[in-house]
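Presented below is the structure to which this report refers.
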Amino acid sequence: MSLSRTALVAGLDALPFAALASLATVVFARAGDQPPEFVAPLAGVVGTAALLGLGTISANRYRQTDTRFYFTRAVVVEGLLSLP
């Protein structure tokens with residue numbers, strides 16, 4: 001798999017977590033009565049940081065071990081295994 005495709009797969013896998021991080025930032029910032037001019041850029045920075053961080057972890061793992069790491073799959077499996 002080429003590097004660009006690896007980056008695409010890693011980015012798409014990290015995208016739900018980046019969106020969730022952005023949404024959580026908006027919710028908590030608005031609950032703290034922060035102005036919208038501050039909340040939107042902050043949510044964008046947090047979402048981008050989460051996307052780049054998780055995507056980099058996934059892409060680096062693929063390059064080192066030739067196995068893909070899917071955050072979404074890992075979270076779902078761990079959630080299902082933790083059910084009583």
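- Under the 4.5 Å side-chain heavy-atom criterion for ILVMFWY residues, no single connected hydrophobic cluster contains both Phe28 and Leu20.
- Between the CG atom in Leu51 and the CG atom in Leu12 there is a gap of 9.0 Å [rounded to 0.5 Å].
- Between Val26 and Ala43, the shortest heavy-atom contact is CG2-CB, 3.6 Å.
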Below 3.5 Å, can you tabulate the donor-acceptor pairs from side chains in residues 74-84 to any protein atom, sequence neighbours excluded?
unit_1	atom_1	unit_2	atom_2	d
Ser82	OG	Glu78	O	3.4
Ser82	OG	Gly79	O	2.8

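- Annotation for Ala50 and Ala18: closest pair CB-CA, 4.0 Å, computed over non-hydrogen atoms.
- Note on residues 20-43: no pairs pass side-chain hydrogen bond (donor to acceptor under 3.5 Å, both in side chains), not counting sequence neighbours.
- Between Gly44 and Thr48 the shortest heavy-atom distance is O-OG1, 2.8 Å.
- Nearest approach of Pro41 to Pro36, heavy atoms of both residues: CD-O, 4.3 Å.
- Looking at every heavy atom in both residues, Leu52 comes nearest to Thr56 through O-OG1, 2.5 Å.
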